[in-house]
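Comments concern the structure below.
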Amino acid sequence: MGFATTAIHSGQEPDSATGSITVPIYQTSTYAQDGLGKHKGYEYARTQNPTRAALERNIAALEGARFGFAFASGMAAIDATLRLVKAGEHVVVSDNTYGGTFRLFTRVLANYNIEFDFVDTSDALNVEAAIKPNTRMVFIETPTNPVMIVTDMREVCEIAHRAGARVVCDNTFMSPYLQRPLDFGVDIVVHSTTKYLNGHSDGIGGIVVLNNEDDAAWIGFIQNSAGAILSPFDSWLVMRGTKTLALRMEQHDKTGRAVAAFLGEHPKVKKVYYPGSASHPQHALARRQQKGFGGMVAFEVGSLEAARKVLESVNLCTLAESLGGVETLISHPATMTHASVNAEKRERLGITEGLVRISVGLEDTDDIIADLDQALKQI
Ligand SMILES: *Cc1c(COP(=O)(O)O)cnc(C)c1O
C-alpha cells in the first residue's frame, strides 16, 4: 500500500457497530463489564481507548513501526521515551535540539542522575567520541530546529548500536511522509503531533513509535502508569490530519523550496538555512535520507532591529511559535522557541538575534512571497 492509502485507511476501518466512516470519539472514562473478570478488552480509559488506539495504529503504520503510543504533548512523548534510561546511565543528544527537549533533559531529568552530553551529531565522529560505557541512548533531531543541521542516521545508528545504545529520532520537522527514520536503523521515532501530523494548529499531542517489543512494553507501561495520555478528541483530530498528510507535505515542500529560493536571492537576506538549497552544507545527505525538504526555512537578516522590522511588518504571515499548520507562521527563535537555551550556546549554533524562522503554510505561494518581500523592504 502506498503512503496516502495507508494514511487514510490504516487503523481506521469503518466502525463495526454502525458503519461510521470515521472512528467514533469514545468520550468515556470507563467501560461496563459483563461479569467479574469478563470484559471486551477495555477496563479504564487511561489504559485503553479505541480512538487513541486507532491513531496509534495509524501513525505506527506510516512510520513502518509495529507499536505506537500517543501522549498529551510532544514533550510528554519524549519524557516517556527517556524512561527507558535509568539513573547512572548516559545519553548523547543532538546539540541543536528543540528548546523544550534541551530544557527537559538539562533542568528536569538531569536531577535524577541521568547524564547528558550534547554534541554536533551532523559529524558522526562526535557521537563516537561522546559514547561512554554507560551510554544507553542517542537522541537525534534531523533536520534540527531552526538552523536545519542534518544528521546521517545510518552512520549514527551503526556507532550507537555497536555500543549497545538505542537511537531515538525526533521526526517532527519532516513527518513520515518526507522521512522514515526506522528505514535507516533508528529504533524509536518521536513526534510532536501538534505540528505536521495534526497540521491544523488546533491541538497539542505527541507520539512514540517503535519495533522492539520489550521497549514497547515499557513505553506502554509508562503511558498507563504516568498517565500523560492523548484525549479521545485530540486523537481524532490528529487522525483527521493524517488523512491529508501526503497532500499537505507535497505542498509544504513545494512552497518551502520556492520561499527558500526567493530568500536566497533577496538583497536584505544574509543567509538562508534550508536543506533543499544546493548551498546547504549537507544538501547531498538530505537528498539521500529525505523524500523532500519540507516547509521550514530560517534566514538571517543581520540584527535584532532588522528581524523586528520583518516580524512586525508581515501581514499574511502570523507572528507565533509552533509550526506545521496550514497557516504560515513566522517567529524569532532567539527570544521565542529557543529563549531557554543560554546566549553563548545560541550564538555558537547560529541562533542569532537576526535569525527569523518561517513555517511555510498552505496559502498560495505567490501571496507568501509577496508578503515576505514587502516586509523585507521595510528593513
Ligand atoms: C514542538 C516540538 C516538540 C514539543 O512538542 P509539544 O507538542 O509542543 O510538546 C518537540 N520536538 C520538536 C522538534 C518540536 O517542534
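As the structure lists them, so they are numbered: ligands from 1, and atoms in each ligand from 1.
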List the atom pairs, with distances to 0.1 Å, where a side-chain N or O of residues 75-86 and a protein N or O form a donor-acceptor pair under 3.5 Å, not counting sequence neighbours.
residue, atom, partner, partner atom, Å
D79, OD2, R83, NH2, 2.7
T81, OG1, A77, O, 2.8

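For E321, the side-chain contact (heavy atoms from CB on, under 4.5 Å) test picks out M336, T337, with sequence neighbours left out.
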Measure from every N or O atom of ligand 1 to the protein's N or O atoms and keep only the pairs below 3.5 Å, writing each with atom names and distance to 0.1 Å.
residue, atom, partner, partner atom, Å
ligand 1, 5 (O), S192, OG, 3.0
ligand 1, 7 (O), G74, N, 2.9
ligand 1, 7 (O), S192, OG, 2.8
ligand 1, 7 (O), T194, OG1, 2.7
ligand 1, 9 (O), G74, N, 3.0
ligand 1, 9 (O), M75, N, 2.9
ligand 1, 11 (N), D170, OD2, 2.7
ligand 1, 15 (O), K195, NZ, 2.8

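A ring-ring contact (aromatic ring centres under 6.0 Å, His included) check over residues 141-176, counting only residues at least two apart or in different chains, returns nothing.
To the nearest 0.5 Å, atom CD of residue E115 and atom CG of residue N134 are 5.5 Å apart. With rounding to the nearest 0.5 Å, the separation of OG1 in T121 from CD in E155 is 11.0 Å.
In this structure, the side chain of D187 does not engage the main chain of R166 through any donor-acceptor pair within 3.5 Å.
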